[in-house]
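One structure is given here, and the rest of the page talks about it.
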Amino acid sequence: MRISAYAERLLRGLDTIDWTESLKETQRNWIGRSEGASMWFNVDGHNDLKFEIFTTRPDTIFGVSYMTLAPEHEMVKEIVTDEYRDAIEKYISDTSKRSERERMAEVDKVSGQFTGAYAIHPFSGEKIQIWIGDYVLASYGTGAVMAVPAHDSRDHAFAKKFGLPILQVINPKDELGEDFDIQEESFDSKEGTIINSDFITSMEVKEAIAEVIAQVEEMGIGKGKINYRLRDAVFSRQRYWGEPFPVYYVNGLPQMIENEHLPVVLPEVEKYLPTETGEPPLGNAIVWAWDTELNKVVENDKIDDEKIFPLELNTMPGWAGSSWYFLRYMDAGNSEEFVSKESESYWGSVDLYIGGSEHATGHLLYSRFWYKFLKDMGYVSNEEPFKKLINQGMILGTSAFVYRVKDTNKFVSKGLKDQFDVTPIHADVNMVVNNELDVDAFKAWREEYNDAEFILEGDKYICGSEVEKMSKSKYNVVSPDVIVEDFGADALRLYEMFLGPLEQYKPWKTDGISGVYNFLKKLWRLYHNNDAFEVSDVEPSKEALKTLHKTIKKVREDIEKFSFNTSVSTFMIAVNELGAQKCNSRAILEPLAVIVAPYAPHIAEELWQKLGHSDSVSVVDFPTHNEEYLKENDHTYPIMFNGKRRFELTFPIDANPKEMETVVLAHEKTIAQLNGRAPKKVIIVPKKIINVVG
RNA sequence: GCCCAGGUGGUGGAAUUGGUAGACACGCUGGACUUAAAAUCCAGUGGGCAGUAAUGCCCGUAUGGGUUCAAGUCCCAUCCUGGGUACCA
């Protein structure tokens, strides 16, 4: 699939979507756009031979001291001289044996071999040695580079190892100083002035790049070029299960099954594993042949290669479905097209996508690619599939540790463990409450611990703890079912939100759930007197209205920002305040149930019913706040001296700053603070602070 | 190595545009109710110093500098943690 053809659009599109910067950056790096030039070099003594290199630094053309080809480069065998033939062949066979993994692990290891051949410098006409080296990748650019050791760290390492010349052609910007030793370290930055470089000498780097490109284009030996790191991908999956290709083989040649006979449905198999002969899992199927007369899938043993043929065993890769499944939701019942024009134009692209960042360079890049392709084909109308994307953080587990004294069956409490030689062991978190181990449960946990002994602190065994991914092997898995059983689904839902920001990784600690559980109980009590449901129709108090409306305002803002943890805090504050106000006014409690509903739907629904409604709380309009109720008559200002708060004063909201200043300066505490000094300045920020400078 | 995100009490976290750091909650301490426990409610809770107390002062958002009347927030440098990436010319 030629995703590389969309590289530029995939890159530019990133500027138009509301995704996290880190995710966009990962995609940018993966696409890997680099701007430079491709140039042709002639080979000395071979009039008919020339080769192409790609460089992002044409400005360093006069610093070239050798050329490097990838070992796999097709020209190597033609140019190698007899003297070096054996050495080159040995090097090629050695590097081909090294697996990609080895090459990755040995990045620092520099290796290479001279070919005996020379290239001709296009401007100076000088002869330049041609080497091969496995730091040049055959699959990127042209598989050949012009090596400028003075200004490229990899070329520098290579040159140093093989004693090749290092020619400086850029003078670093002043602050890096004269004492920069180019023989010791390369200068890769583009901040500097060109030296020793014929017609580009004394130009700035940027200028020189453009000038060299113009010159080689005029000479017909090169041109400006943009390269991408992004590679095309094979549309197939060998080892796993996936959507089947509607393809069968006649004499080994693939044939497409006609549209009208689709879909081809996957067969039943015993196991989803490759066959013993190494074929894909579909090779295990016994009903996987195509009958060209009946136009259906039939048993393999009927294959006669005349009317009945074998079907393709490879399947489609994961992104065959994941790249566009969301479009199908718009028109799931449509049996003619994946989505109708009407549905597509109604729904458009996805407004909000919540997903993990681990899909940055796979699913999320391919989805964008497919979507752009579908747009080009006229099937969808937007350029990007996911307008906004949030990476949700993972809920981590809090592991508990007990400390076994080495070579014994004794366990020492955390506070005393430093007095012994101990091994930390994961204990099941379900046996631990507030870091205290249920000793009997631990003994019963496993046979080997039945007669364990404990060295306690006071009368308790205190466990150590550590935050890790939830995993069975770490015994830190907390099942949501158990939480729902103990506290209810609303408490679970609220607590997950309350733990912290949506995008953040955060540790689960069951102990903390009592906070939201208490909140739910307090909420319930607002609508009840003892156990009886009781709300009144009396006019709500000013304070209650203020509490309600500031809550509505804040929660609406939080929802816009996906800041659900602060919403939950806001509800807690509201319920605490209304409780203190002894509010049980219907005019307050009805809208309260509505705004709580998205967060704690079960309890809200039940309260809504008790309030006498027969429809669901989820279909009621979300209330809007009224600024009238939020108006303050006065504001309590911190009185600060040189930025340090010393006391507070309350002023009417519309107080004149001049008058406020007079009152502040006349205050006895101000006089005490100033201690005889004259204030230089008084800064008054309305509804914020008053700062006296002096 | 490079790129990105982050570092705030005992803990999870809050803090609008630079404007009272620590909201809310957990935990902890003390108290009320109770024969007792659970549940519930009330009060306190960043650290330090002084004071019988009211209160006052100093320090404090990873570290060191800087800008500002004022910095968790802005700038520079450093350290640490998490994630991504791996010779891409």
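Every chain is numbered from 1, with letters handed out A, B, ... down the list of sequences. Computed from a prediction, not measured in an experiment: that's the story for all the values here.
- If you take atom C1' in B/U63 and the same atom in B/C79, they sit 7 Å apart, rounded to whole Å.
- Taking the C1' atom of each, B/G47 and B/G22 are spaced 13 Å apart, rounded to whole Å.
- With B/G84, B/A89, B/G19 as the candidates, the nucleotide lying closest to the side chain of A/Y140 is B/A89.
- Separating the C1' atom of B/G19 from that of B/C3 is a span of 35 Å, rounded to the nearest Å.
- Summarising the geometry, the separation between OH on A/Y637 and C1' on B/A70 is reported as 16 Å, rounded to the nearest angstrom.
- A straight line from CG of A/N391 to P of B/G84 spans 12 Å, rounded to a whole angstrom.
- Proximity note for A/P638 (side chain, C-beta onward) versus B/U40, B/A89, B/U20: the nearest is B/U20.
- Here B/G27 is in the anti range [glycosidic angle more than 90° from 0].
- Judged by distance alone, the side chains of A/T636 and A/T650 do bring a donor and an acceptor atom under 3.5 Å apart.
- Side chain of A/K223 to main chain of A/V216: no donor-acceptor pair is present (N/O by atom type, distance under 3.5 Å, no hydrogens or angles).
- Under the 3.5 Å distance criterion, with hydrogens and angles disregarded, no donor-acceptor pair is assigned to the side chains of A/S111 and A/Y135.
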For A/R28 and A/R33: C-alpha separation, side-chain torsions, deciding distance, then whether side chain to side chain contact (heavy atoms under 4.5 Å, CB included) applies. CA-CA 8 Å; A/R28 280 189 199 108; A/R33 181 186 202 268; over 6 Å; no

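- In this model, the phosphate group of B/C26 is approached by a side-chain N or O of A/N518 to a distance below 4.0 Å at OP1 or OP2.
- Atom pair A/K509:NZ and B/G12:P shows a separation of 8 Å (rounding to whole Å applied).
- When rounded to the nearest whole Å, the span between CZ of A/R645 and C1' of B/C58 equals 15 Å.
- Summarising the geometry, the separation between CG on A/L69 and P on B/C87 is reported as 19 Å, rounded to the nearest angstrom.
- For B/A14, there is no paired base (Watson-Crick or G-U wobble, both distances below 3.5 Å).
- Rounded to the nearest Å, the gap between the C1' atom of B/U78 and that of B/A89 is 32 Å.
- Regarding A/N691, its CG atom lies at a distance of 17 Å from the P atom of B/G18, rounded to whole Å.
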